Amino acid sequence: MNILVINCGSSSLKFQLINSETEAVLAKGICERIGIDGSRIVYQPEGGQKIITESPMPDHTQAIKLVLDSLTDTETGVVKSLDEIGAVGHRLVHGGEKFASSTIITDEVIAAVTECNELAPLHNPANLIGIDACKKLMPTTPMVGVFDTAFHQTMPEEAFLYGIPYEYYKKYKIRRYGFHGTSHSYVSKRTAEILEKPYDQLKTIVCHLGNGASVCAVKNGKSVDTSMGLTPLQGVIMGTRSGDIDPAIMEYIAKKENLDIDGVMDVLNKKSGVLGLSEFTSDFRDLEDAVLAGREDAIRAMKVFAYSVAKYIGSYVAAMNGVDAIVFTAGLGENNKYVRTDICDYLGYLGIELNQEANAKRGMDIVISTPDSKTAVLVVPTNEELAIARETLALVK
Ligand code: AMP
């Protein structure tokens with residue numbers, strides 16, 4: 001069966017068509033600037049060149065129509081008709097406490113996801129628009145929702161409750177939810193396969209380090225703690241997000257800079273992290289170049305970043321009473337050997353020894369620790385689209 005995987009944001013829409021038997025990506029691409037001037041679709045069939053077409057996309061329905069037209073195009077398409085698309089898998093960001101696993105999308109599910117919109121006001125409404133657009137254009141094709149939060153619903157109470165009045169949890173469901181769950185689940189499962197150990201007997205710490213970054217403790221196949229919280233602002237410092245800070249800093253900045261709450265949130269979400277610390281970039285590639293050139297501002301940002309990740313790893317060793325494997329994934333985790341080294345330099349107490357030759361490789365599943373290392377360290381490229389396709393297949397079968 002061919003499965004169309006959709007990751008719908010407010011002004012962009014990423015897609016992949018995956019053959020579920022071979023797991024080959026038949027085509028992939030992105031619609032950019034939806035609802036804005038200059039919208040375009042980038043479409044790439046398997047083994048072919050990228051085709052970039054500028055085309056007006058006033059809304060997401062038009063964007064999905066262009067995706068379906070590209071997939072069925074007589075020259076560059078990869079299927080003859082929409083009948084060859086057996087199901088659609090949607091990435092959904094926030095399922096609150098309502099969804100502990102992926103689900104077939106029904107009207108009831110749409111209503112329940114809509115109730116979670118308050119928890120992810122930037123993401124969930126966009127995800128729902130993608131569902132609506134697919135419903136209009138492919139009304140009989142089954143759809144599945146795969147939630148970023150679902151994998152973390154196994155966290156125990158002591159990990160998900162905050163030390164604030166319990167009534168806020170009861171009234172407003174304020175608690176830690178965690179994100180990147182599809183990635184943490186995929187990468188931790190893959191780690192068990194690579195190490196040839198049973199997934200349900202392994203203690204893994206997954207470091208998903210991209211522009212957004214989170215660390216997750218996976219014990220015996222279940223997420224038991226993760227660094228992001230009610231929102232993706234909590235946890236390790238990120239490209240532009242502050243991660244953990246003393247909450248009183250918010251009031252202090254507001255008074256000093258004469259900002260309202262929205263202004264402070266803007267600083268913490270968009271002007272902090274390594275961007276705020278380096279004062280010049282949120283992009284870890286630029287930072288890496290600047291660190292190699294000896295720039296103090298970049299070195300400062302990278303040091304704080306690596307330290308914040310290492311502290312989370314330490315706390316999850318405590319939470320799981322040990323660790324078998326530490327795994328790096330996502331844009332930075334997969335590609336930056338220096339940051340992996342800097343983080344592992346803090347972890348000597350775990351008996352970690354890196355194999356720098358393996359650590360320098362890219363784009364593959366690889367164990368980067370030496371055979372003598374007491375804890376295994378791996379790089380596992382994440383593949384959220386494939387994980388969504390697998391979940392979708394399992395539910396529609
Ligand atoms: P993601 O959010 O997973 O797409 O990751 C984005 C972050 O990963 C950005 O800060 C990039 O600079 C970084 N990144 C992506 N590719 C590379 C690369 N080849 N080398 C170093 N950093 C990279």
Side-chain angles (χ1 to χ4, degrees), residues 5 7-16 25 28-30 32 42 91 93 122-123 126 148 178-188 190 206-216 226-228 231-243 269-293 295 297-306 308-309 327-344 356 358-366 368 378-388:
V5 176
N7 180 353
C8 193
S10 55
S11 67
S12 71
L13 185 154
K14 292 189 208 145
F15 63 92
Q16 283 193 5
V25 179
K28 63 181 177 181
I30 182 167
E32 293 168 321
V42 182
R91 177 198 177 206
V93 169
L122 295 179
H123 294 100
D148 270 24
F179 298 87
H180 295 141
T182 310
S183 175
H184 288 302
S185 161
Y186 173 86
V187 168
S188 55
R190 189 76 199 104
V206 181
C207 306
H208 178 113
L209 309 180
N211 210 357
S214 70
V215 184
C216 179
T226 190
S227 57
M228 283 179 167
T231 75
L233 184 55
Q234 194 185 352
V236 299
I237 71 161
M238 309 180 209
T240 63
R241 294 183 209 137
S242 64
N269 271 305
K270 299 190 183 142
K271 297 179 186 158
S272 298
V274 292
L275 170 66
L277 281 166
S278 70
E279 301 189 299
F280 78 97
T281 187
S282 66
D283 192 300
F284 282 93
R285 264 169 296 206
D286 299 344
L287 275 182
E288 185 181 334
D289 293 342
V291 168
L292 292 174
R295 273 181 65 165
D297 45 10
I299 292 169
R300 171 176 67 226
M302 283 303 248
K303 271 165 99 175
V304 180
F305 176 78
S308 80
V309 176
V327 200
F328 292 95
T329 193
L332 172 69
E334 289 167 27
N335 291 300
N336 190 315
K337 62 180 177 181
Y338 302 104
V339 95
R340 294 192 293 258
T341 304
D342 287 353
I343 292 168
C344 289
Q356 285 299 350
N359 189 31
K361 300 221 165 105
R362 281 177 188 226
M364 58 173 84
D365 295 333
I366 189 165
I368 60 168
L378 295 88
V379 174
V380 174
T382 192
N383 193 338
E384 286 162 286
E385 290 79 12
L386 179 58
I388 291 171

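Being a predicted model, the structure only gives us computed values, none of them experimental. First listed ligand is number 1; within each ligand, the first listed atom is number 1.
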Check: Taking N or O atoms only and a 3.5 Å limit, does G212 qualify as a polar contact for ligand 1?
Finding: no
Next item on the list: Check each atom of ligand 1 against the heavy atoms of E288 and keep those under 4.0 Å away; list them by number with element.
Entry: 21 (C)
Notebook entry, point to check: Less than 4.5 Å apart, any side-chain heavy atom of D297 and any of F280?
Noted result: yes
Item checked: From R285, R340, R362, residue fulfilling side-chain contact (heavy atoms from CB on, under 4.5 Å) relative to N335 -> R362
Note to self: Within the structure provided, determine whether T341 and Q356 are in side-chain contact (heavy-atom separation under 4.5 Å).
What the structure shows: yes
Margin query: Minimum distance, heavy atoms only, to atom 8 (O) of ligand 1: which one of T240, L332, T382 is it?
Written below: L332
Notebook entry, point to check: Considering only protein heavy atoms, which is closest to atom 9 (C) of ligand 1, and at what distance to one decimal place?
Noted result: F284 N, 4.1 Å
Item checked: Full working for side-chain hydrogen bond (donor to acceptor under 3.5 Å, both in side chains) between S214 and H184 -> CA-CA 9 Å; S214 70; H184 288 302; 2.8 Å; yes
Notebook entry, point to check: Is there at least one pair of N or O atoms, one from D283 and one from ligand 1, spaced under 3.5 Å apart?
Noted result: yes
Check: Where the side chain of R241 meets the backbone of P232, is there a donor-acceptor pair that is under 3.5 Å apart?
Finding: yes
Note to self: Below 4.0 angstrom, counting only protein heavy atoms, does anything approach atom 1 (P) of ligand 1?
What the structure shows: yes
Item checked: G363 versus P381, closest heavy-atom pair with distance -> C-CG, 4.1 Å
Check: Hey, looking at atom 21 (C) of ligand 1, which of K337, R285, R362 has the closest heavy atom?
Finding: R285
Item checked: Closest approach of any protein heavy atom to atom 6 (C) of ligand 1, naming residue and atom -> N211 N, 3.6 Å
Next item on the list: Please answer whether the main-chain N or O of K337 pairs with a side-chain N or O of N359 as donor and acceptor at a distance below 3.5 Å.
Entry: yes
Notebook entry, point to check: Among all protein non-hydrogen atoms, which one is nearest to atom 18 (C) of ligand 1, and what is the separation to 0.1 Å?
Noted result: N335 CB, 3.2 Å
Check: Is the side chain of T240 donor-acceptor paired with the backbone N or O of L275 at a distance under 3.5 Å, no angle test?
Finding: no
Next item on the list: Indicate yes or no: does an N/O atom of G331 lie under 3.5 Å from an N/O atom of ligand 1?
Entry: yes
Next item on the list: Go through ligand 1 atom by atom and flag the ones less than 4.0 Å from a non-hydrogen atom of G210.
Entry: 1 (P), 2 (O), 3 (O), 5 (O)
Next item on the list: Answer with side chain, backbone, both or neither: which part of E334 has a heavy atom less than 4.0 angstrom from an atom of ligand 1?
Entry: neither
